[in-house]
Every structure is written in C-alpha cells, then in structure tokens.
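To start, the structure under review is shown below, and the notes come after it.
Read the numbers this way: they start at 1 and go in the same order the structure lists the ligands and their atoms. Computed from heavy atoms alone, side chains included, the values below leave out hydrogens, waters and symmetry copies.
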Amino acid sequence: MWGEGFSLNIALCVSVPQGFRQSKGLSLLLVNSRINRNKHTRIFMEMQGNGSPTTSNQSTINIPHVLTVAGSDSGAGAGIQADLKACAARGVYCSTVITAVTAQNTVGVQGVNVVPEDFVAEQMKSVLSDMHVDVVKTGMLPSIGIVKILHQHLREYPVRALVVDPVMVSTSGDVLAGPSVLAGFREDLLPMADIITPNLKEASALLDGVKIKTVSDMRSAAKLLHDMGVRNVLVKGGDLPDSLDAVDIFFDGEHLYELRSSRIKTRNTHGTGCTLASCIAAELAKGASMLEAVKVAKCFVETALDYSKEIFIGNGPQGPFDHLMKLKSNAHNSGRQVRFNPSDLFLYAVTDSGMNRRWGHSISDAVKAAVQGGATIVQLREKDIDTRDFVEAAKSCLQICRAHGVPLLINDRIDVALACDADGVHIGQSDMPAHTARALLGPEKIIGVSCKTPEQAEQAWIAGADYIGCGGVYPTNTKANNLTVGLDGLKTVCLASKLPVVAIGGIKVSNARPVMEIGVPNLKGVAVVSAIFDSECVLTETRKLHAVLTEATAAVK
Ligand SMILES: Nc1ncnc2c1ncn2[C@@H]1O[C@H](COP(=O)(O)OP(=O)(O)O)[C@@H](O)[C@H]1O
Ligand SMILES: Cc1ncc(COP(=O)(O)O)c(N)n1
Ligand SMILES: [Mg+2]
C-alpha cells in the first residue's frame, strides 16, 4: 500500500545502471549543458576496466523512477511518448515497456501492431530485474495475455505503487484494447492497483455498460469501481459536455472529492489521460500522497493545455499538447526565437525610479519611450519599490518589451524575474552567485553579471552567464562608490572576456563614441541610465543615443 511517510533521498549521489558496468573504460560525463564549460562543477564517473564505477565525489543520487507499460503512439501525443514527456516534465526518470506499436496521428489510429507477449515479458524482466522502479503506470494493455504477464511480473518484482489507466478507446474513437481485457483488469489488476483512472467510457465498460453522463453518475461509478477492490478511483470527466468545467471525481474509499478545473477551449487534448496517469505516477514516485499526486497531475494537465491551446500540429481534429512548456518560458507566446543575441546589448536601457519620479514618468511609460526610441534591451533597476509593485510594473513592462521583440531583464531580483517570467536578470558581484541564479532560472533565461576585472569576467563565464557589464567607464553619480575603470580598464576586461560585453558608467550622447571605438569585437554596446531616463523626453534622448551608436559602429567597421 502506498504510504505517506516515504522520504526521498536526493543526496549527492548518482546511481549507475548495472548495464553500464559491462562497457569497459566507458567515461561518462554528466554535465548540465549550460555549465559544461565549468571545470569546477563537472561530475565525472569513470567505469574502470574491472567494471566497478568510481566517482570523483563518492555520493550518488537516487532518481525517482516510473516504469510505463503502454503502447507507442507514432504521433507522440499519447501513449509511451506522452508518458516519457510527462515524467521528464515532472523531473522523474521513466523506463518503458512497449505493448503495442500504433500508427496514429491527429486524425485517428490507422493501425495497431501488438508486441508478442513473450517479448513484452522480456522487456519487463529487463527493466525490473535491473533497475529500481518506484511506480509502475499502465496504459494500453491490448490483450489479456499481456495483463497476465504484467500481473506475474509485479508479483515477482513488487513496486511501491501501481497506477492503472485502463485505456480502451482513443479519443478519436478507435479501439485500443477490446472487451476481452476487462476480465484481466477486474481479476488481476484492480486488486493490485493503488489507483485506477478511467474516463467516462472506460468506467462504463468496467461497470458492464452502466451509463455515465453526469457528475452525479461519475460519483456513483467511482464508488462502484472502488467496490471492485481498487484502493483509489479517479473517474475523469474530460468527455463531459464542453459547457461544463473539467471535473474529475476522486474516491479513496472514505471521501469523495470533486476536483474541478476550468475547461480549456482547445483541440489539443490528445494524450490528456496518459499524461494525467503518468504525472500521478511521477508524483507518487517523488513521495507525494495519493490525493496530492492527483491534484498536482490535474493542475499540470490544465496548465499544459492552456499553454498549448493555440499550437498547431497535424491536420486532424485532435492535436497533441506541449508537456515541456516549463523549458520554453513563453517562447512561442513572446515570438522570441533566439534566447539571447549578443547584439541585443547595443543600446541597453537601465531604469531608475528616482529619475522617473523626478520627471513624473511611470516605469512603464519610461520603458515604452526607451523601446520606441531604439533601446535593444531593458533592465528594470528598481531599488526602492515594494516587491508587489515591482512584480506588477515588471509585468506591464514585459508586455511592452515583448511587443517590440526587446528582452527585459530584472536587476538583482531573481524572484521578481521568475514571478513575471522576465527574460533574465542582471546581477552584481555581491548579489546571488551567477551559478545559483542559473540553477534557479534554468537554461533559457539571460544572465548578465557586472565585472570590473578579467578574473570576474572569467568567473562569470564559468558560472554560465550570457554577458558581462563592465564599468564604470566614466565617473557617474548613479551608483555610489563605484570605481571608475576607464576606457583602458574596459578594454582589458573585454580582451580577457569570453562573453560579450556591454559598457556602463557615465556614458551619454557626448562620450559614447570613444567607447564604441575601442575596437574590441566582443564589446557589443553601451548601457545607460541618466543619459536617457534623466530627461523630460526619454524617446528623444534614446533616439539621439541610438544615432550616435549607429554612426560609431559604422565608423569602426
Ligand atoms: N479541455 C480540457 N480542459 C481542462 N482539462 C481537461 C480538458 N480535457 C480533459 N481534461 C482533463 O484531462 C484529464 C484526462 O481526462 P480525459 O480527457 O477524460 O481522459 P482520457 O484522455 O483518458 O479520455 C482529466 O483530468 C480531465 O479533467
Ligand atoms: C498508444 C496509445 N495509448 C493511449 C491512447 C489514449 O489517449 P487518448 O485518450 O488521449 O487518445 C492512445 N490514443 N494511444
Ligand atoms: Mg482524452
């Protein structure tokens, strides 16, 4: 039985699949793609000739593991492919036993090729005899023979939880498992399962054809299914009329819960059932209680459907959705194709609340004028503002910047950047370390670091920053006690830096030209505060600066 008190071992440890032990001399470099330049953060695992793994740091990580036993969907919206994506999105390892290969797309299922039973058994044995599986999730089980094989293997290799999605008919109406498997579900799997997740049709089939059309029918069905010996039941209401919320009924034998979310208006609902069950399995593998796991899974499906409601894949009536939206941070909503383009540093506008107050500008008006005047990137540097107001201001500035294809960064405040889904942050030497910011923000966000020396520039590069800001180039009042490095200091840092550089500090229309003319290719532009924001007309001042920079760049080329 699934327990609540399970504690997860996320210590520093990397467990090595036994299969690897056979390959001699294999050197496995586990590196995060964003930090693979970092010689200090590499984890090396070397397989010695004698087959025993050694690690440069002796600890290992036990990764929560779901095994899915399901069918392949060539269109990759449902089945094994959805399970892999859902588990990846929830941070859980997923191994696979393929029970059938379907030729399937957004129109429907064109063909089904059932994998021979002994080969399904062979896959199960390969995984279960070798790897530590926390939770098994089942999808398409196309024959009673395959149900029996699963049952035998689960008895031989018990796991902590079994999630049964009794897939019978695809959303397109094609049969994936005939009524002959019903006996297998009832006799073998339900008594073993920790949860079963039928949709309306599947619940009806398991209950000998009882009609399930309303939420009240779903409640009764959940109770009847529970009586068949399964510990928890989730009757899914995706197929309720479109006018109703997406209501699912959860019954744990004691309490009935009506789990309600808004119904997303989209054609992209192919694979919702598979995804929901895989998410439940993933959360259980991480140690959640059953109700928690179901709630998280439902919320994940709703969020993914909402995020993907307008994507267009395939010409049929039922499109797939995007499980990995977290990796993309609104990439297709913002229309930004490239995560970071160094030429965005050309005219870098840094806001200042004091200056805005002095001239009676709101943050968003100031940002709008800067962007319209030619700013190519904006940083919100709001030192004396309530966090709540900062998040709101950042959201409205983000809309303005997105409309112009200009990235918006937040100064210092990683929390604010996350809260409003800004494009990144700019941090100083005494703020959060850049590698920590990178870990929090993920690989997609832009990180800039203020650097005054070649050593700091090297550290920023190692930590996975995207650019550095170098200055003060000229004396400035904007920042108290700021050391002026001068044009020479700027040049020294640029020459040492592997990252693109933006110059900052006292730069204005009258002195910008010599900065751009220092003649180092990785100096990509200038960052300014007072030059544009300490003025009545931000638009005009930005335009003037843009013209000077454009001229200076043309002269250098
Ligand atoms: N349009 C929608 N908006 C929000 N949630 C939905 C929508 N369609 C389905 N769901 C949810 O997706 C999950 C899977 O349900 P369902 O589509 O009924 O399963 P299946 O794919 O097995 O037919 C459920 O939690 C359901 O409430
Ligand atoms: C291989 C496979 N497994 C499961 C489903 C059900 O998914 P859905 O109900 O969303 O069509 C499917 N269509 N194909
Ligand atoms: Mg469905």
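Residue Leu305 touches ligand 1 through its side chain alone, judged by heavy-atom distances below 4.0 Å. Of the heavy atoms in Thr272, both backbone and side-chain atoms come closer than 4.0 Å to ligand 1. With a 4.0 Å heavy-atom cut-off, ligand 1 is reached by no atom of Glu302. Contacts of Asn199 with ligand 1, taken as heavy-atom pairs under 4.0 Å, involve the side chain alone. Residue contacts with ligand 2, taken as heavy atom pairs separated by less than 4.0 Å, involve Gln104 solely via side-chain atoms from C-beta onward.
For the ligand labelled ligand 1, residue Ser262 lies inside the 4.0 Å heavy-atom shell. Residue-ligand proximity: Ser72 is placed with a non-hydrogen atom under 4.0 Å from ligand 2.
Distances from atom 10 (O) of ligand 2 to the heavy atoms of Gly271, Cys274, Ala78 show the closest one on Gly271. Nearest residue to atom 26 (C) of ligand 1 from Val169, Asp306, Asp248 is Asp248 (criterion: closest heavy atom).
Near Lys298, the atoms of ligand 1 lying under 4.0 angstrom from a non-hydrogen atom of the residue are 25 (O), 27 (O).
In this structure a side-chain-to-backbone donor-acceptor pair under 3.5 Å is missing from Asp389 to Ile385.
Here's the thing with Gly238: one of its N/O atoms is less than 3.5 angstrom from an N/O atom of ligand 1. Geometrically, ligand 1 and Gly273 share a nitrogen or oxygen pair separated by less than 3.5 Å. Of the polar atoms of Asp165, none of the N or O atoms is found under 3.5 Å from an N or O of ligand 1, judged by distance alone. Note: no N/O pair closer than 3.5 Å links Glu202 and ligand 1 by distance alone.
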Stepwise side-chain hydrogen bond (donor to acceptor under 3.5 Å, both in side chains) test for Thr68 and Asp83: CA-CA 7 Å; Thr68 172; Asp83 299 342; 2.6 Å; yes
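In this view, His226 and Val233, Phe251 satisfy the side chain to side chain contact (heavy atoms under 4.5 Å, CB included) rule, not counting sequence neighbours.
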